[in-house]
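Structure first, commentary second.
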Amino acid sequence: MHFDTRLVHAGSVPGDPHAPTSTPIYQTATFAQEDALGGGRYDYTRSGNPTREVLERQLAELEGGTHASAFASGMAALTAITRLVRAGQRILAGSDLYGGTFRLLTQVLPSLGIEADFVDTTDLGAVAAALRPETALVLVETPTNPLQRIVDLRAVARLVHEYGALLAVDNTFLSPVLQRPLELGADLVVYSATKHLAGHGDATAGAVITRDERIAERVVFVQNAEGTALAPFESWLVLRGVQTLALRVSRAQHSARRIARFLAQHPDVTRVHYAGLPSHAGHALHASQADGPGTVVSFETGSFERSRRLVDACRLFSIAVSFGGVRSQISLPGKMSHASIPAAVRADRALPEDLVRVSVGIEDPRDLLADLQHALRTSSARVEVRS
Ligand SMILES: *Cc1c(COP(=O)(O)O)cnc(C)c1O
C-alpha cells in the first residue's frame, strides 16, 4: 500500500472480532487477567493499551521503523530519549532548536550529570569538531525552526556513527509525509504529535520511533517506568488526525508556497525563510532528503515594532505558538515559542527580534493572503504616521 493509503488504514485492535471502522477507545485503567497468575495481553494502561498500541504500530510503519512509543507530549518523548544517555555522557544538539528542548537540555539534565553542547548542525565541520568521546546522543531538527536552516541528515548520520553515538531527529516540523529520517540514517525519530500528526490543535502528544531493538526496549521501559505514555482518548485523537495527514499537509503546503512567494516580493518584507524558495540557501539539500518544504514560513520586516503590529493586525491567523494544525497561526518566535531561550543566547544564534512565523492551515489561501496583505498594510501605515 502507498503511504497515503496506510494513513487511512491503521491496523486493528489485536483480537477484536467486530471489525470496527474506527479504532475503539479503550478507556480503562486496568484489564482483568485470565487467572490468578495473570496471562492477559494487557494488564494496566500505563504499560499497554489497545488504542495506544494501534497508534504505535501505525506510527512505526509510516516511519519505516519497527517500534514506536506514544507519549503524553513531545517533551515527554524527548525526555525519554535522553534516558538513553548516562551520567557523565554528553548530548550534542543543534543550536537552532525548539525552545522547550533547549530548556530540557540546559535546566533539567545537568542535575542528572548530563551536559549538552550546542553546535550549528548545518556546518558538518563544526559537528565533527564538537563530537567528543563522551557524546552519546546527537539531536537535530531540519529544517530548523524558525530559521529553516537545513541539516544534511545523511552526512550527519555518517559522522555521528563514526563516533559511536546515536542520531535522533526531531521531525515534528515536517511529519513522515515529507521526511523519514530513519531512511536517511537516523537511529531515532521524535515527534511532537501535538502538531501535524494530531493536526487539529486539540491534543498534546509525542512519539519516539526506531528500528533498533535495544533502543526500543529501553524506550518502552522508560515509558512505563516513568508513566509518560499517551492516554487512550488522546491516542484516538492522534489516530483520527493521522488519517487526514497527507491531505492537510498537501493543502497547507500549497498555500504556504503561495504565501512565501507573496512575502518574498513584498516591499515591506526584508527576508523570507522558507526551504521551498529557490533562493533559500538549503533549497537543493532539502529537496534531496525531503518531499516538500512544509507548512511554516518565517519572515522579517526590519523592525520589531512593525512585526508586532503586523501580528496584532491579523484577523484570520490566530496568535498562537504552535503549528501543524488546520487553523492558521502567527507568532513572534523570539517572544513566544522560543522565549525559554535567554535573549543573549537568541541573539548569539541570530534569531532576529523582528522574526514573524506563520503556520499555514487548510483555510482557502485567498483568505490567508488577504489577511496578511491587510496586516502588512496596517503595520507599515502606522510606521509612516509615527515617523
Ligand atoms: C512543539 C514541539 C516540541 C514539544 O512538543 P509538545 O507536544 O509541545 O510537548 C518539540 N519539538 C518541536 C520541534 C516542537 O515543535
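Side chains are part of it too, since the values below use all heavy atoms of this structure and drop only hydrogens, waters and symmetry mates. Start at 1 and go down the list; that is how both ligands and their atoms are numbered.
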What atoms of ligand 1 come within less than 4.0 Å of a heavy atom belonging to [X]?
X	value
Gly74	5 (O), 6 (P), 7 (O), 9 (O)
Ser192	1 (C), 2 (C), 3 (C), 4 (C), 5 (O), 6 (P), 7 (O)
Lys195	1 (C), 2 (C), 3 (C), 14 (C), 15 (O)
Phe323	15 (O)

Quiz item: Do Asp117 and Arg90 sit within salt-bridge range, that is, some charged N less than 4.0 Å from a carboxylate O?
Solution: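 A salt bridge is present here (some side-chain N lies under 4.0 Å from a carboxylate O).
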Self-check item: Arg41/Glu53 ion pair, N-O < 4.0 Å
Solution: yes
So is [X] touching ligand 1 or not, going by heavy atoms under 4.0 Å?
X	result
Leu78	yes
Ala205	yes
Tyr191	no

Quiz prompt | Aromatic contact, Phe118 with Phe102 (centres under 6.0 Å) | solution = yes
Quiz prompt | Aromatic ring proximity, centroids under 6.0 angstrom, Phe323 and Phe173 | solution = yes
Practice problem: Would you mind checking which non-hydrogen protein atom is closest to atom 4 (C) of ligand 1, with the distance to 0.1 Å? | Solution: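 Closest protein heavy atom to atom 4 (C) of ligand 1: Tyr98 CE2, 3.4 Å.
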Quiz item: Looking at atom 9 (O) of ligand 1, what's its closest protein heavy atom, distance included?
Solution: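 Sorting protein heavy atoms by distance from atom 9 (O) of ligand 1 puts Met75 N, 2.9 Å first.
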Practice problem: Indicate if Ile150 and Leu124 have the same hydrophobic cluster label, given that clusters are the connected sets of ILVMFWY residues with side-chain heavy-atom separations under 4.5 angstrom. | Solution: no
I'd like to know whether [atom1] of [X] has more than 12 heavy-atom contacts from other residues, nucleotides or ligands below 6.0 angstrom.
X	atom1	result
Arg149	CZ	no
Phe3	CZ	yes
Arg240	CZ	no

Exercise. Return the option from Leu174, Leu97, Thr194 holding the heavy atom at the smallest distance from atom 7 (O) of ligand 1.
Key: Thr194
Quiz prompt | From the candidates Leu139, Leu197, Val296, Asp170, the one that places a heavy atom nearest atom 13 (C) of ligand 1 | solution =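 Among Leu139, Leu197, Val296, Asp170, the closest heavy atom to atom 13 (C) of ligand 1 comes from Asp170.
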